[in-house]
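What follows is a single structure, written as structure tokens, with notes after it.
In what follows, chains carry the letters A, B, and so on, assigned in the order in which the sequence lines appear, proteins first and then strands, with residues in each chain numbered from 1. All values below come from the heavy atoms of this structure, side chains included, with hydrogens, waters and symmetry mates left out.
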Amino acid sequence: MSFAELGLIPELQRAVTEAGYTEPTPIQKQAIPVVLQGLDVMGGAQTGTGKTAGFTLPLIQRLARHANTSTSPARHPVRALILAPTRELAVQVHESVQTYCKYVPLRSICVYGGVDMRGQVDELRRGVEIVVATPGRLLDHVQQKTIAFNQVEMLVLDEADRMLDMGFIPDIRRILDMLPEARQSLLFSATFSDEIKKLADRMLKNPQLIEVARRNTVSETITHTVHPVSAGLKRNLLAHLLRHAPDTQSLIFVSTKVLCGRLASFLARHGIAADAIHGDKSQVQRSETLEAFKAGKLRVLVATDVAARGLDIDDLPMVINYELPHTAEDYVHRIGRTGRAGRQGHAVSLVCAEEKPRLAEIEKLIKFQIPQQDVPGFAAEPDYDIAGSSRSKRERAGAGKSDQEPSRNSTTRPKRSDKPARGRSNPGIAPDGFDFSKPYESTVAGTPLGETPENAVIAPSEPRPSRARPRPVAVLLGGLGRK
DNA sequence: AAAAAAC
């Protein structure tokens with residue numbers, strides 16, 4: 001089966017061939033003919049299945065029926081709207097649009113926040129048929145009257161379930177209310193919850209259901225590994241793993257923005273080309289970092305779940321879950337960044353005792369047990385199997401050390417008990433005295449070395465200069481009801 | 001539970 005057989009016009013076939021594709025993926029085989037007919041679509045597909053080309057190609061062809069070669073802006077009204085939940089995702093979809101528009105006289109733009117509006121306004125004024133956007137900035141343009149929706153023929157909602165999670169639904173509703181009734185609409189979502197169905201009812205007319213690759217299944221080309229490890233040794237283990245795979249580019253997921261930045265600078269300070277991407281970084285930084293990673297200038301990208309879904313990085317061989325995600329579904333999304341398009345991929349998870357329930361949930365969802373592998377020198381403490389009870393946490397906090405009982409922390413910080421208690425003999429303190437498992441506590445430079453395994457690879461480095469912290473310790477502890 | 005997204 002070729003793209004020509006799906007009914008694509010020569011201009012698109014040529015662009016597809018030049019992009020290096022010969023055979024349509026299952027979702028493309030299903031979606032392209034249906035969209036070409038002008039029907040509404042409710043689509044369920046994982047990322048990495050070719051979903052984006054599955055809707056951009058027929059969308060472009062529909063618009064190309066009446067493409068206008070005039071240079072007059074008035075001849076280039078907005079005719080298609082594609083909405084995505086994150087800026088990176090919008091950029092990526094737009095790249096696909098641009099690739100396939102190469103031999104078709106249609107103009108497109110990507111519109112998102114965090115950057116100056118003027119450039120976008122100028123481009124809109126010159127006339128564009130296809131707008132790829134994140135909802136907030138799009139509404140901003142509506143308010144400024146720099147965009148008009150009265151000629152919109154097609155609407156695509158990508159990653160609708162994520163939009164829902166992110167609270168975009170009111171924005172989506174407002175946009176829907178402004179669009180012409182007579183239009184073709186496509187909705188893509190990884191899950192079909194009641195809320196998604198409600199949105200689909202409102203947005204789609206007589207939708208064709210397209211679903212490939214059963215939801216929450218993972219690619220067969222990915223090998224999964226769990227390394228049991230105590231929380232305090234995680235970053236040492238990470239450095240160890242990275243060192244033993246020197247030519248491997250990897251994407252590392254953490255669950256908070258603070259840890260994200262700290263882990264990246266920790267790795268960078270130890271000679272690994274690493275940077276961080278998360279929502280508190282400026283959009284310029286986010287774009288530059290992602291580009292540097294894609295270009296191979298960074299070996300390691302540390303990310304929050306901003307990067308969990310949809311991001312397409314070619315040939316990414318390894319994803320590491322520094323912390324397991326809080327919902328099992330996010331595991332599927334995160335590791336979906338590797339092993340794409342039939343390639344081999346590795347999904348490695350560093351799991352401490354408190355995360356075992358999450359691991360069980362993940363294994364239930366993906367329907368198989370992930371092999372566990374102890375790394376010599378980093379194996380989790382004996383009570384690894386005792387998940388959850390605060391008593392075991394307290395014991396664990398002092399595990400292997402008899403000289404000091406860090407009772408202060410273990411009793412006053414119940415919510416952070418999965419992190420190692422602070423103390424002189426805490427193995428969570430690295431040789432440089434930097435304990436980044438404690439987001440809000442400053443670490444005194446020159447803290448005596450903890451019990452680091454013999455084969456730990458952290459090189460000694462300069463004591464970290466003490467610097468101002470965003471929030472004083474006393475305030476935080478007070479807030480948690482200390483004493 | 002945390003993350004993301006408009007100014």
Please identify each residue that fulfils side chain to side chain donor-acceptor pair (under 3.5 Å) with Glu181(A), with sequence neighbours left out. Lys205(A)
CD of Glu88(A) versus P of dA5(B): gap in Å, rounded? 7 Å
For dA4(B), does OP1 or OP2 lie under 4.0 Å from any side-chain N or O of Thr134(A)? no
So if I take every side-chain heavy atom of Thr256(A) and compare against dA4(B), dA2(B), dA6(B), which nucleotide ends up nearest? dA2(B)
Distance (rounded to the nearest 0.5 Å) between Asp122(A) CG and Thr146(A) OG1: 10.5 Å
Rounded to whole Å, CD1 of Ile169(A) lies from C1' of dA5(B) at a distance of 13 Å
Nearest of dA6(B), dA3(B), dA1(B) to any side-chain atom of Thr327(A)? dA1(B)
Among dA5(B), dA4(B), dA2(B), the one nearest Arg87(A) by side-chain distance: dA5(B)
Nearest-angstrom distance from the residue atom CD of Gln92(A) to P of dA4(B): 17 Å
Please check the phosphate of dA2(B) (OP1 and OP2 only) for any side-chain N or O of Arg334(A) closer than 4.0 Å. no
Other residues, nucleotides, ligands: >12 heavy atoms within 6.0 Å of Gln144(A) CD: yes
Atom NZ of Lys257(A) and atom C1' of dA4(B): how far apart are they, to the nearest Å? 8 Å
Hey, does Gly114(A) reach any base, or is it just sugar-phosphate, or nothing, if we go heavy atoms under 4.0 Å? sugar-phosphate
Atom CD1 of Ile175(A) and atom C1' of dA6(B) are separated, to the nearest Å, by 12 Å
Are His94(A) and Tyr112(A) close enough that a side-chain donor and a side-chain acceptor fall under 3.5 Å? no
Between atom CD1 in Ile172(A) and atom C1' in dA6(B), what is the gap in whole Å? 14 Å
Counting the benzene-type ring for Trp, do Phe378(A) and His240(A) have ring centres under 6.0 Å apart? yes
Nearest-angstrom distance from the residue atom CZ of Arg162(A) to P of dA3(B): 12 Å
Compare the minimum distances between each of dA6(B), dA3(B), dA1(B) and the side chain of Gln143(A), then state the nucleotide with the smallest one. dA6(B)
May I have the distance from Glu329(A) (atom CD) to dA2(B) (atom P), rounded to whole angstrom? 19 Å
